[in-house]
There are 2 protein chains.
Amino acid sequence: MLDLVRLRVLVAVARERSVTAAAEKLHYSQPSVSHHLARLEADVGAPLTQRAGRGIRLTEAGRILAARAEEILGQVEAAQTEVAEHAGLRAGRLRLAAFPSALATLVPRAVARFSAAHPAIDIALNEAEPPVALTGLRNGEVDVAMIFAHGDSPAGDDRNTTITPVLTEPMYVVTPANRQWPGERTKLATFAHARWIAGCERCRLHLVAACEAAGFTPDIAFETDDYVAVQALVAAGLGVSTLPGLALVANRHPDVRIDRLPDDHRRIAVATYGRSPAPLPVQAFITALREAMVTPAWP
Amino acid sequence: MLDLVRLRVLVAVARERSVTAAAEKLHYSQPSVSHHLARLEADVGAPLTQRAGRGIRLTEAGRILAARAEEILGQVEAAQTEVAEHAGLRAGRLRLAAFPSALATLVPRAVARFSAAHPAIDIALNEAEPPVALTGLRNGEVDVAMIFAHGDSPAGDDRNTTITPVLTEPMYVVTPANRQWPGERTKLATFAHARWIAGCERCRLHLVAACEAAGFTPDIAFETDDYVAVQALVAAGLGVSTLPGLALVANRHPDVRIDRLPDDHRRIAVATYGRSPAPLPVQAFITALREAMVTPAWP
DNA sequence: GGCATACATCAAGAATGTCTATTATTGACC
DNA sequence: GGTCAATAATAGACATTCTTGATGTATGCC
C-alpha cells in the first residue's frame, strides 16, 4: 500500500527538482526525504529518481506517479474538507421524525431557527409516532426523533438512545362548547358517563389508565390519531376527549371548550442515537428546538 | 495528513458494517481496526462511527468519508498499476537520438524488433550528432543516445552517462569509380595529393588526424555531414573521402569505388542517462539494438 | 439471569519514521 | 589538476507508531 506522505514527498521533489529544497518545503530533514523516496521506489517496484549531477531528477515512472499523486492528494484534501464542513455545520443533512402535534407547532419554529443559522444543512421531516420514530432512529433512517410520554412513564426505551427532555406540557379535557357537566371540569371523574374519543394507541392506553385512576372505565366510541379530527368529533357532540397542549396550540376548534387537567401532563423529549456526544448538527438542532419551545403559549 | 491504510480500514468497516469482519477481511486483528478508526477520527476531527448495539455503524461524516475514500483508493490503485505497466514494458515512451547513418540503418531494424516485442511503448526518433545527442540525454529530452567515436578516442564524455559499446565498424576510402591512383588503395597516403571531402566536424577532425598520421595534410575542398552528398560529390569527381561502413550500407552510389582502410575504424555505442540500471524500456531497446547489429553485411 | 457476541481499552514488543553525523559525487573555480 | 562548495545517499540512535494478545464493557438472545 502506497503512503500519502511519500506521495507528497514525491510531488515536492518533482516540483522543487531537489531533495534538499523539498525537505525544506516540507519541514523534513534531507535524509528523511531521501529515505521516503527510496521506500516509495521499493513500494511501486520501479525506479522513480535518477541522480543528475549533484541534483536529482525523476524518471518517466516518477513523473507519471508524481502527476497522479498530485491528483490523489487533492482528492484527499477535498475529502477532508468535506468531512470538516459536515462536522462544522457548514454542510450535511439532518433527518427528523416527530409526532404530529409537534410537527405542526414546535418543529416549524425550530427548523426555521436552525435553517437560518445553518443554511447549508438539509433537513428532512417525517411524521411518526414515538415507537416508529425510535425504530427509525435505531435503523439509521432518522437522526433525531421527537417523542413523548404521558404522565411519568419513561419517554424512550433507552436502548442505544439518548433521551433529552425538552418540555412538559399540560393536558386538557375537551368538551362540546355548549354542553354542561355536573361537577368540576378539572376532574376526569366528572366525565365518567360520557362517551370518549381516544387518540393514538399509546394515548388511548394512557387515557384508560387515567380514567381508571379516577374511578371509572371510559366508554370509548371513536379512535383517531388525528387531533384535528378529535376536536371535530367533540364539536359535533359525539363525545369528549383529552388533548395535550400542543395539539390545541396547533388547532383550536371554535365549538369545543377546554379545561386543564392539573393532575395530568405529557412529557416531550428528543431522542438521538447512541450515547453522547451526538453529531454537531444534531446537537445544534436540539438547541434550536429548546429555543423554539420557550414560548408555546398554552391555551 | 490522512493515512491510506486508515481509509482502507474505514472502507472495509463501512462495507462489512462490523469491526471484526473488517479486521478479518484485512487480515488485521480487531483491536488494530478499532485503533485505526480512532486515529482516523482524531485526524479528521469528527466522529465517524457510533456503537450500534453490539455492532457499529458509520455516522454521516463516516459515510461521506468512506465514499470518498473508496474513490481515492481506486485512484491510488490505478496510479500504481500505471507505473507498474510503465516499468513493465507495457506502456511508456522511449526517445532516441541517433546520428544519421545509424538512423538510416541500424535504428529502423532495432525499432521494428522492439516495437514488435513491446507494442505499447511509443518511440520518438531524433537525428542528432553525438555531442547534441549527449546534451539531450543530460537535459532529459532523450532517453537513449546512439553515438560514435573514431579510432580509439572515448565515445562519450562519461558525465552522468553510461556508455555501452555495441559495434565497431570498418572505415572505407571513397573514390570516383573510374579514377586510377598510384599505390595501395588501402593506405591514406596514396591519396595525399587528392582534394578531400569531409563529413561532420568530428569526422573532419578525425580525417585530418588520420591523414597527418599518414604523413600529409588533407586538402579539404568541401564539408558536408550528409553521407549521401559525400558520395555524390566523389562520384562527380570533386574529390575523395572516407566513410564508415554504415553510411555505405545505407547508401551506395554506383559511381564510387570503396576500399577498406584496415588501420581505421569507428566505434558505435549507446549512451543512457545515469549509472545503471537504466529503466526497463531503455534496457529492452538496447537489447533490440544489439540484436539488430549482428548482421550489418559490410560492403 | 447467564451466555455468546462485538467493540473498546491496555500493555508490550515490533516496525517504522526522523534526526544528526558522515560519506560519496559532482560541478565550479582558481 | 586540485580544492572547495553543493547535493544526495548512508549509518546509527532515538522516538513514535503500529500490531497484537489479554482484558474489560456493553448488548442481544435464550
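It should be emphasised that the depicted structure is a prediction, and the values quoted were computed from it without experimental measurement.
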Under 4.0 Å between any heavy atoms, over every strand shown, what does B/His36 touch: base, sugar-phosphate, or nothing? Just pick one. sugar-phosphate
Could you give the [atom1]-to-[atom2] distance, from [X] to [N], as a whole number of Å?
X        : N      : atom1 : atom2 : value
B/Gln50  : D/dA26 : CD    : P     : 17 Å
B/Tyr273 : C/dT26 : OH    : P     : 10 Å
A/Arg138 : D/dT27 : CZ    : P     : 12 Å
A/Leu48  : D/dA8  : CG    : P     : 16 Å
A/Arg57  : D/dT7  : CZ    : P     : 17 Å
B/Glu41  : C/dC7  : CD    : C1'   : 13 Å
B/Ile56  : D/dT27 : CD1   : C1'   : 14 Å

On DNA chain C, more 5' by nearest nucleotide between B/Ala38 and A/His35 is B/Ala38
Donor-acceptor contact below 3.5 Å, side chain B/Thr59 vs main chain B/Pro47: yes
Residues 120-131 of chain B vs side chain to side chain donor-acceptor pair (under 3.5 Å), sequence neighbours excluded, gives none
Take atom CD in A/Glu71; do more than 12 heavy atoms of anything else shown fall under 6.0 Å from it? yes
So do the side chains of A/Arg95 and A/Leu125 get within less than 4.5 Å of each other, counting heavy atoms only? no
Would you tell me if any nitrogen or oxygen in the side chain of A/Arg39 comes within less than 4.0 Å of OP1 or OP2 on C/dG17? yes
Applying side chain to side chain donor-acceptor pair (under 3.5 Å), can you list everything that pairs with B/Glu141, at least two apart in sequence or on another chain? none
Going by the rule side chain to side chain donor-acceptor pair (under 3.5 Å), which residues pair with A/His265 if we only count those two or more places apart in sequence or in a different chain? A/Asp152
Quiz item: cation-pi between A/Arg202 and A/Phe99, 6.0 Å / 45°: no
Residue-level proximity of residues 4-20 of chain B to DNA chain C when a heavy atom falls under 4.0 Å: B/Ser18, B/Val19, B/Thr20
Within residues 23-32 of chain B, those residues having any heavy atom closer than 4.0 Å to DNA chain D are B/Tyr28, B/Ser29, B/Pro31, B/Ser32
Distance-only donor-acceptor pairs under 3.5 Å for side chains of residues 17-28 of chain A, two or more places apart:
{"from": "A/Ser18", "atom 1": "OG", "to": "A/Thr20", "atom 2": "N", "distance (Å)": "3.3"}
{"from": "A/Ser18", "atom 1": "OG", "to": "A/Ala21", "atom 2": "N", "distance (Å)": "2.9"}

Value for CG (A/Asp43) from CG (A/Leu65), rounded to nearest 0.5 Å, stands at 10.0 Å
